[in-house]
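Below: the structure, in structure tokens.
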Amino acid sequence: MEIIVCIKQVPESTEVKINPQTKTLVRESVKGIINPFDMYAIEEALRLKEKLGGKVTALSMGPPQAEESLREAISLGVDEAILLSDKSFAGADTLATAYTLAQAIKRISQFDLIICGKQTMDGDTAQVGPSLAEKLGIPHVAYVRKINEVKTDSIILEQMVEEGYRRIKMSLPGLITVVKEINEPRLPSLRGKMRAKSVEILIWGVNDFNIEKEKVGLEGSPTQVIKIFAPQRRKKGEILQGDIDSQVEQLVNKLKESRVI
Amino acid sequence: MNYFLTEEQEMIKNLARKITDEKVIPIRQELDEKEEFPWEVLKVLSQSDLMGLFIPPEYGGFGFGCFEMCLVIEELSRGCGGVAVTFAANALGAYPIFLFGNEEQKKKYLPDVARGKKICAFGLTEAEAGSDAAAIRTSAIKQGNEYILNGTKQWITNGGEADIYTVIALTDKSKGIRGASAFILEKGMDGFSFGKKEKKMGIRCSATRELVFEDCRVPQENLIGREGMGFLIAMKTLDMTRPGIGAQSVGIAQGAFEEALKYSRERKQFGQSISSFQAIQHMLADMATQIEAARALVYAVARFIDSGAKEFSRESAMAKLFASDIAMNVTTNAVQIMGGYGYMRDYPVEKMMRDAKITQIYEGTNQIQRNIIALSLIKEASSWR
Ligand SMILES: Cc1cc2nc3c(=O)[nH]c(=O)nc-3n(C[C@H](O)[C@H](O)[C@H](O)COP(=O)(O)OP(=O)(O)OC[C@H]3O[C@@H](n4cnc5c(N)ncnc54)[C@H](O)[C@@H]3O)c2cc1C
């Protein structure tokens with residue numbers, strides 16, 4: 001089974017900086033980690049490979065330093081890694097990202113299944129997986145919590161829904177996005193770490209695969225972020241003192257004062 | 001301090017640290033309380049390739065030495081001494097095969113050990129033979145192509161859980177220690193069963209159990225080396241693994257020290273953090289200095305062994321002796337710094353103190369280590385004119 005896992009490097013720290021002009025994250029300065037949800041995608045891909053044979057390729061779009069995350073993926077057992085990195089890819093929204101990934105996957109051409117994490121920790125949109133499937137014209141199931149069975153041309157899986165789950169049969173090739181309930185990601189192995197140190201990570205820029213330049217990066221991104229801000233902390237609450245009766249009385253008075261009742 | 005690790009050693013250490021932080025520390029208290037064997041952690045260690053660290057590449061391992069083993073044992077011990085000894089005793093059981101086994105034996109057993117598919121144990125001690133290992137009574141009488149084993153080994157780490165056992169038994173009682181031989185036994189052999197599982201003060205997640213042999217037939221192919229080599233094999237194996245107990249000691253001490261240091265900055269008495277009291281500061285300074293000295297000695301000895309040294313009983317004993325005494329001292333002081341909180345099971349240092357105690361006892365008590373060191377010194381002096 002040929003599996004492609006899409007991973008993203010996200011800033012580890014919560015104190016991220018934002019470029020005031022582009023209103024996008026400044027990624028160069030902070031330590032990057034593999035987006036936590038993508039760790040489940042990698043793990044599921046590795047488990048499928050261990051069971052069925054085949055190959056796992058990790059694909060990422062990001063600045064040059066995202067190569068570290070791909071090396072980490074290799075240390076976990078991923079076979080090959082490709083980084084889509086080019087100045088003109090920068091500032092991409094979910095649409096441009098999905099387009100760029102889709103074009104790269106068209107160049108890879110061989111695949112049975114694409115696995116993504118359900119969303120990223122920094123963007124939080126959960127859109128890239130599904131729109132990537134649309135761009136490739138393949139079926140997708142988001143929020144997968146379990147893979148029950150894999151056949152040559154289809155896969156049976158469980159999709160998380162609000163209360164419970166849905167069992168779905170999806171034809172292959174297809175795409176899934178996974179939730180954290182699906183597995184417990186492994187730690188790297190020594191062999192993997194040794195391989196990760198020396199293995200070549202393919203780096204593809206705009207000229208390495210079929211790209212329409214106006215569809216990538218900031219230029220290809222119709223989403224405009226007007227403002228990014230941390231919501232105002234709400235005022236501190238007030239703790240009422242005294243026995244229950246007097247607390248109830250105080251509470252009723254306060255509600256009346258503020259015209260709630 | 002910078003010990004100038006190679007890139008690979010750094011990698012091994014970081015991997016062991018990650019496993020300790022993510023997979024050992026969160027469960028150590030529960031493992032201790034339930035006296036539960038750490039299978040989950042062993043699974044992670046196997047998947048991460050660390051079980052095969054010391055096994056040569058031709059048998060599916062990595063061919064690293066005593067030093068790299070020490071790095072892993074130290075890191076694991078920082079989290080849990082019980083998990084660490086489970087890992088270390090696996091190597092203890094496998095070393096006799098690796099050091100003295102023939103090609104067939106190595107081919108048959110080591111690849112599964114390297115992959116963590118099989119766990120090992122080492123059986124020397126008996127009820128009447130502790131420090132005086134030469135007093136063992138378990139017998140192995142040759143009959144045709146087999147040896148018939150009878151006797152009981154006691155306090156065998158990984159006993160009952162392991163698949164492969166290196167056992168020392170007497171093939172010729174009349175020759176004393178020269179009549180001892182080493183055998184490879186497998187769990188499930190007829191006449192090989194497990195007795196009492198011990199309830200211990202510390203390292204409680206590790207299994208310590210009796211091995212019982214009742215007319216247990218062992219094929220002669222399972223004899224390691226030749227008849228009569230058993231005692232030598234046991235002693236050389238222990239020379240090789242004692243720095244590992246030193247590393248365990250350093251790790252336990254480091255874990256306790258870190259807890260105490262952190263706590264001393266948080267705990268306020270008399271309106272200030274207790275780390276502002278000179279009495280506490282000096283304890284912390286002594287603890288850190290002692291740990292660093294122990295680590296430096298353990299590392300130096302391990303590197304000496306890996307350099308291809310032939311004779312290193314003395315150095316190996318020194319590493320185990322010094323580091324384990326330090327571990328007891330440091331963990332006791334960590335509890336002291338943390339006062340009543342340190343004595344409570346809500347904090348990890350009381351466990352570390354309980355765990356530390358064993359490092360002064362097993363793989364030869366510290367009195368026996370001093371005997372080994374002194375004997376070696378006197379022997380050396382006798383060659384002076
Ligand atoms: C948790 C645990 C795990 C163990 N795991 C293993 C294992 O995997 N395999 C294995 O084979 N064994 C194992 N052992 C056995 C361990 O190696 C012995 O307990 C140890 O060698 C000491 O023997 P003893 O307990 O019989 O003490 P004893 O020999 O009875 O000693 C009692 C006291 O007398 C002192 N003493 C004895 N002789 C002398 C002397 N000549 N000079 C000065 N002082 C002396 C000792 O230092 C000690 O203080 C384990 C023990 C424990 C507790």
Side-chain angles (χ1 to χ4, degrees), chain A residues 5 7 9-10 12-13 31-53 56 58 65 67-79 81 117 121 180-201, chain B residues 5-27 38-65 67-73 75-76 79 83 87 91 111 113-117:
Chain A
V5 205
I7 67 173
Q9 189 178 53
V10 295
E12 180 171 39
S13 117
K31 189 178 174 314
I33 56 166
I34 294 179
N35 174 45
F37 286 110
D38 300 347
M39 294 296 279
Y40 302 98
I42 293 172
E43 178 64 32
E44 203 57 25
L46 295 175
R47 288 185 188 190
L48 287 174
K49 183 184 97 165
E50 279 158 8
K51 227 167 53 198
L52 307 165
V56 178
Q65 67 162 2
E67 188 182 320
E68 289 160 25
S69 290
L70 287 168
R71 290 199 185 276
E72 193 184 333
I74 298 266
S75 79
L76 294 166
V78 163
D79 299 285
M121 298 299 277
K180 70 175 193 309
E181 286 75 9
I182 196 165
N183 58 42
E184 192 188 329
R186 71 192 61 193
L187 294 178
S189 70
L190 192 53
R191 258 189 201 90
K193 274 171 105 60
M194 287 175 166
R195 188 164 168 262
K197 254 188 56 63
S198 54
V199 76
E200 188 197 357
I201 308 285
Chain B
L5 304 192
T6 65
E7 223 171 346
E8 275 176 345
Q9 289 162 350
E10 204 70 65
M11 214 182 253
I12 291 166
K13 186 180 156 78
N14 290 340
L15 187 53
R17 173 167 283 249
K18 198 172 166 77
I19 292 171
T20 303
D21 287 343
E22 291 181 23
K23 305 287 178 184
V24 177
I25 290 177
I27 59 167
W39 277 118
E40 284 305 307
V41 181
L42 288 182
K43 232 172 75 188
V44 175
L45 289 166
S46 312
Q47 202 167 40
S48 301
D49 296 329
L50 293 182
M51 299 303 276
L53 206 61
F54 63 100
I55 292 176
E58 53 272 37
Y59 309 108
F62 289 85
F64 286 112
F67 183 51
E68 288 82 4
M69 284 298 285
C70 283
L71 291 175
V72 174
I73 295 171
E75 286 303 329
L76 291 173
V83 166
F87 175 80
V113 179
R115 257 177 292 147
K117 274 176 70 182

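Protein chains get the first letters and strands the later ones, always in sequence-line order, with residue 1 at the start of each.
- Annotation: salt bridge (charged side-chain N to carboxylate O under 4.0 Å, His left out) contacts of Glu75(B) (sequence neighbours excluded): Lys13(B), Arg17(B), Arg78(B).
- Annotation for Met121(A): atom CE does not count as buried by contact number, only 12 or fewer foreign heavy atoms lying within 6.0 Å.
- Proximity to chain A among residues 54-62 of chain B is limited to Gly60(B), Gly61(B), Phe62(B), judged by heavy-atom separations below 4.5 angstrom.
- By the 4.0 Å N-to-carboxylate-O rule, Glu184(A) lies close enough to Lys23(B) to be salt-bridged with it.
- For Glu200(A), there are no salt bridge (charged side-chain N to carboxylate O under 4.0 Å, His left out) partners, not counting sequence neighbours.
- One distance of note links CD of Glu7(B) with NZ of Lys197(A); it measures 3.0 Å at 0.5 Å rounding.
- By the 4.5 Å heavy-atom criterion applied to side chains, Gln47(B) and Leu187(A) are not counted as neighbours.
- Under the salt bridge (charged side-chain N to carboxylate O under 4.0 Å, His left out) criterion, Glu8(B) pairs with no residue at all, not counting sequence neighbours.
- For chain A, the nearby part of Leu53(B) is the side chain; its heavy atoms alone come within less than 4.5 Å.
- The backbone N or O of Arg191(A) lies less than 3.5 Å from a partner atom in the side chain of Asp49(B), making a donor-acceptor pair.
- Using a 4.5 Å cut-off on side-chain heavy atoms (C-beta onward), Leu190(A) and Ser48(B) make no contact.
- Remark: Leu50(B) CG to Ser189(A) OG distance equals 9.0 Å, nearest 0.5 Å.
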